[in-house]
Amino acid sequence: MTWTDRLRKLRLDVTPLRTSRDFRLLVVAGTVFWFGGMVSYVAIPYQLYRLTHSSFAVGAIGLAELVPLLVFGLYGGALADHVDRRRLLVWTGVAQLALTAVLAANALGDPQIWVIFAVAVLLASAQSLQRPSREALLPRTVAHAELPAANALSSLGMDLGLLAGPAVGGLLVAYVGIAWCFVVDCTGLATATLLYALMRSYPHREDTTPPSLAGIAEGLRYAFRRRDLLGTYLVDIAAMLLAIPVVLFPALVEDVFHRPELLGLLYSAETVGSLVATALSGWTGHVHHHGRAIVLAAAAYGLCIAVAGVMPSIWLVGAAMAGAGAADMISGIFRSTVWNQTIPEGMRGRLAGIEMLSYSLGPLGGQVRAGVTADLWSVRGAITSGGLACVVGVAATAAWLRGFWAYDARTDEYAVAERATRAAAGER
């Protein structure tokens, strides 16, 4: 094999963008959605701090959003397995647009703290209802073999929004006012909702039942019965719970390096690494042992975090964090591939809701762990020990779930069954 062939395998596979109009709509909608959302992500904490001068008040937003995330994430998944998913995307988009407009109006007048909290709770509810439908719909828009490339492209759009949104939000806050952040977010939500409306309908292949506690419980039992799915959840939770260091970035730049002006470098480093990994993700379509790839990538994430904790320069810390972002993206691509290639159509919504909880609860717990460890020990100690604990935790999880390490997409019974189902339905 020549070097040209090797480089061609690394290149991002854009086949799904060429072959599927609805996938293009989903990716563009997701990109503008994340961009607008991250602009508001900058504005809400800043506005709350200016009104209260309390860091606790800023952190309380996350606590207020936790219950809607838990409740409506699971309910939204069950709902996505019953109703028209495209229609659910549209109406939850309209709800988010209306709620964000309330935030803009509140910022233009005499801002009320209770309005910010109330709208934040309602927004978290609408977002939690929407996300499972989007995740469940993606596999229907592309061929089964194109799913690794589709996952990478979808992640690329999200990363572009995550990278550009905070930068634009910071400029808007500094130069034109907080209200304009919400106006930009409204524009993104309106655009995304219109793009969802332009997609064709994807009716369910089989009879469905209305969402219920029994249906949610059925989804939970299905997820925990399958050791391959359980592995994707537990490896990610272990990595985030034990290693995520984001809450320590302010202390790192202020107390360790005395370079507070470089705080943005740390916040953006992981996203830069993630973008690079996505751009070079063409090779992922040729890998079949997805469980093994997830374990190795998650362990590499922890190792990069551990290295970041001992780096003598903030620039080297940023480089290590970029490596962590790249590893996390590779893990995410393969986790999404396992989900999308093996979960039956009638279960996709509920399992997407469970997936959303798995990658949300780990970081929340990880922030607490990192903060407590730093207070009891040191900032550097908290970062490095967390990274090493991640490597051990991921290895222990893989040893416990031996079948997860051996997973092979070519022979796995659920992947084979899903390919057969799609072929029988006349889908690629």
Does the side chain of [Y] come within less than 4.5 Å of [X]'s, by heavy atoms?
X: W339; Y: Y233; result: yes
X: Y301; Y: E270; result: yes
X: Y75; Y: L129; result: yes
X: F35; Y: L162; result: no
X: F182; Y: L108; result: no
X: D328; Y: M240; result: yes
X: R86; Y: R140; result: no
X: V416; Y: R410; result: no

Criterion side-chain contact (heavy atoms from CB on, under 4.5 Å) on T100 and L123, from CA distance to verdict: CA-CA 8 Å; T100 305; L123 272 173; 3.9 Å; yes
F404/V235 under side-chain contact (heavy atoms from CB on, under 4.5 Å): CA gap, chis, key distance, verdict: CA-CA 10 Å; F404 182 59; V235 166; 3.9 Å; yes
Side chain [X], main chain [Y], donor-acceptor under 3.5 Å:
X: S336; Y: I333; value: no
X: S331; Y: A327; value: no
X: R134; Y: L26; value: yes
X: N151; Y: L147; value: yes
X: R369; Y: L241; value: yes
X: S128; Y: A124; value: yes
X: N106; Y: Q112; value: yes

If I take atom [atom1] from residue [X] and atom [atom2] from residue [Y], how far apart are they, to the nearest 0.5 angstrom?
X: M321; Y: C304; atom1: CE; atom2: SG; answer: 9.0 Å
X: R221; Y: E218; atom1: CZ; atom2: CD; answer: 6.5 Å
X: M158; Y: T271; atom1: CE; atom2: OG1; answer: 8.5 Å
X: R87; Y: S133; atom1: CZ; atom2: OG; answer: 12.0 Å
X: L137; Y: L89; atom1: CG; atom2: CG; answer: 6.0 Å
X: T193; Y: Q96; atom1: OG1; atom2: CD; answer: 7.0 Å

Side chain to side chain donor-acceptor pair (under 3.5 Å) between Y202 and D84, worked out: CA-CA 7 Å; Y202 286 87; D84 185 313; over 6 Å; no
Short side-chain donor-acceptor distance under 3.5 Å, D159 and S274: yes
Any donor-acceptor N or O pair under 3.5 Å, side chains D228, T342: no
Chi angles and distances behind the side-chain contact (heavy atoms from CB on, under 4.5 Å) call for F23, L153: CA-CA 10 Å; F23 178 74; L153 290 165; 3.8 Å; yes
Can you give me the closest heavy-atom contact between [X] and [Y], atom names plus distance?
X: A78; Y: I216; answer: CB-CG1, 3.9 Å
X: T337; Y: P148; answer: OG1-CA, 3.6 Å
X: L97; Y: A190; answer: CD2-CB, 4.2 Å
X: L198; Y: R21; answer: O-NH2, 3.0 Å
X: G349; Y: A80; answer: CA-CB, 3.8 Å
X: A298; Y: V394; answer: CB-CG2, 3.9 Å

D81 with R348: basic N within carboxylate O range, under 4.0 Å: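 No salt bridge links D81 with R348.
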Lys/Arg N to Asp/Glu carboxylate O, R131 vs E355, below 4.0 Å: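 A salt bridge is absent here (no side-chain N lies under 4.0 Å from a carboxylate O).
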side-chain contact (heavy atoms from CB on, under 4.5 Å) between L88 and Q130, worked out: CA-CA 7 Å; L88 187 58; Q130 184 184 66; over 6 Å; no
Side chain to side chain donor-acceptor pair (under 3.5 Å) assessment of S20 paired with R24: CA-CA 6 Å; S20 173; R24 291 195 297 271; over 6 Å; no
Over-ring placement of R292 relative to Y407, 6.0 Å and 45° cut-offs: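 Verdict for Y407: no cation-pi partner in R292.
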Intermediate values then yes/no, side chain to side chain donor-acceptor pair (under 3.5 Å), Q341 and E418: CA-CA 7 Å; Q341 286 189 340; E418 183 60 18; over 6 Å; no
Enclosure of W405 CH2 (heavy-atom neighbours >12, cutoff 6.0 Å):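 Yes, the 6.0 Å shell around CH2 holds more than 12 heavy atoms from other groups.
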Step-by-step side chain to side chain donor-acceptor pair (under 3.5 Å) determination, D185 to S40: CA-CA 6 Å; D185 194 5; S40 287; 2.6 Å; yes
